[in-house]
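Numbering starts at 1 and runs along the sequence shown. When a ligand or atom number is given, it counts from 1 through the structure's own listing order. Values below: all heavy atoms of this structure, side chains included; hydrogens, waters and symmetry mates excluded.
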Amino acid sequence: MLKYPKPLEDLIEDFSKLPSVGKKSAERFALFIYTKLNEESTREFSKHLIEVKENIHICKKCGNICEDELCSICKDTTRNHKQILVVETVKDLYTIENVNEYQGIYHVLNGAISISKGIGTADLNIDSLVELVKTEELEEIILATNATLEGEITARYIKELLQNYPVKVTRIAHGLPVGGEMSYADEMTLLKAMEGRREY
Ligand SMILES: [Zn+2]
């Protein structure tokens with residue numbers, strides 16, 4: 001089989017590592033960069049790749065991603081800091097935030113308990129949530145993990161951890177289809193899920 005020159009083969013291999021990118025697309029991307037992108041754009045492109053890894057940090061309060069110590073949501077004093085919405089991923093946070101209705105703050109777990117994937121409670125950002133409940137006077141913890149088996153197990157686990165503290169724990173209603181992931185839900189479904197949350 002005829003191979004491209006090594007730098008191009010390397011780039012094709014890099015693109016192949018991305019989700020949903022097959023060998024053919026990877027080949028198309030790499031050839032596009034070589035034939036169509038000028039040097040300046042190419043430098044910018046590679047600079048952005050490095051910057052994403054070097055300049056983005058985890059917000060030390062909520063687990064969101066940001067360029068500073070705290071994310072813009074945690075820094076925003078106009079939001080209700082006594083209401084915390086717990087999500088599995090940063091992507092879920094963005095999905096809810098972009099609906100533009102929720103005024104509280106967030107807590108990102110960084111996944112969900114999963115026996116099949118070998119993800120346990122120690123792998124998740126749960127301790128800092130419990131710490132927050134212990135040390136701050138909070139009104140409500142809204143569990144917005146996915147409507148999957150993993151999401152339900154995780155929500156139940158957190159609920160049990162928090163049951164002896166004086167904070168209301170609610171679970172968003174799942175008009176989301178069973179097995180449904182937050183980031184695929186449309187705006188209306190998310191709004192309904194938020195409005196219909198119940199004490200858990
Ligand atoms: Zn934050």
Side-chain angles (χ1 to χ4, degrees), residues 48-114 117 119-148 150-163 165-174 176 180-187 189-191 193-195 197 199-200:
H48 294 156
L49 283 176
I50 303 289
E51 283 178 351
V52 157
K53 296 304 281 187
E54 287 184 349
N55 298 352
I56 294 185
H57 313 291
I58 306 288
C59 170
K60 71 173 190 183
K61 182 163 187 198
C62 74
N64 186 11
I65 50 175
C66 53
E67 288 181 84
D68 303 317
E69 273 209 342
L70 288 178
C71 73
S72 56
I73 298 171
C74 286
K75 276 193 223 162
D76 186 347
T77 52
T78 66
R79 300 184 74 118
N80 180 2
H81 284 243
K82 291 177 183 289
Q83 189 180 44
I84 299 181
L85 192 126
V86 180
V87 289
E88 290 183 22
T89 64
V90 167
K91 191 157 180 266
D92 294 340
L93 182 156
Y94 273 75
T95 303
I96 295 175
E97 189 57 18
N98 288 332
V99 176
N100 246 333
E101 278 292 317
Y102 178 64
Q103 288 305 314
I105 58 170
Y106 294 88
H107 185 88
V108 183
L109 296 171
N110 208 13
I113 298 167
S114 168
K117 291 180 198 149
I119 302 172
T121 54
D123 301 310
L124 303 174
N125 182 22
I126 295 177
D127 290 351
S128 63
L129 178 67
V130 177
E131 200 51 37
L132 217 61
V133 171
K134 274 186 198 168
T135 53
E136 289 188 25
E137 223 174 273
L138 301 172
E139 281 161 7
E140 184 181 9
I141 304 287
I142 306 166
L143 300 173
T145 49
N146 288 331
T148 55
E150 286 90 356
E152 289 302 334
I153 290 172
T154 309
R156 218 156 286 180
Y157 175 75
I158 295 173
K159 163 68 189 166
E160 275 168 30
L161 281 182
L162 301 181
Q163 65 186 352
Y165 298 100
V167 64
K168 185 160 95 174
V169 180
T170 58
R171 175 92 171 105
I172 59 164
H174 279 299
L176 306 177
E181 291 188 19
M182 180 88 58
S183 34
Y184 297 120
D186 62 68
E187 203 165 293
T189 311
L190 270 179
L191 274 178
M194 287 286 287
E195 278 166 7
R197 68 183 186 272
E199 199 133 355
Y200 190 54

Worksheet item: Will you find, in the side chains of Thr148 and Asn146, an N or O donor that is under 3.5 Å from an N or O acceptor?
Response: no

Discussion item. Less than 3.5 Å apart, any donor N or O on the side chain of Asn80 or Gln103 sitting next to an acceptor on the other?
Written reply: no

Practice prompt. Using the test side chain to side chain donor-acceptor pair (under 3.5 Å), find all partners of Lys159 that sit at least two apart in sequence or belong to another chain.
Written response: none

Practice prompt. Could you grab the protein N, O or S atoms closer than 2.8 Å to the Zn ion (ligand 1) for me?
Written response: Cys59 SG, Cys62 SG, Cys71 SG, Cys74 SG

Discussion item. Applying ring-ring contact (aromatic ring centres under 6.0 Å, His included), can you list everything that pairs with Tyr102, at least two apart in sequence or on another chain?
Written reply: Tyr106

Discussion item. Under the rule for side chain to side chain donor-acceptor pair (under 3.5 Å), what residues qualify as partners of Glu140, not counting sequence neighbours?
Written reply: Gln83, Thr170, Arg197

Discussion item. So does Ile119 get a backbone contact from the side chain of Asp123, meaning a donor-acceptor N/O pair under 3.5 Å?
Written reply: no

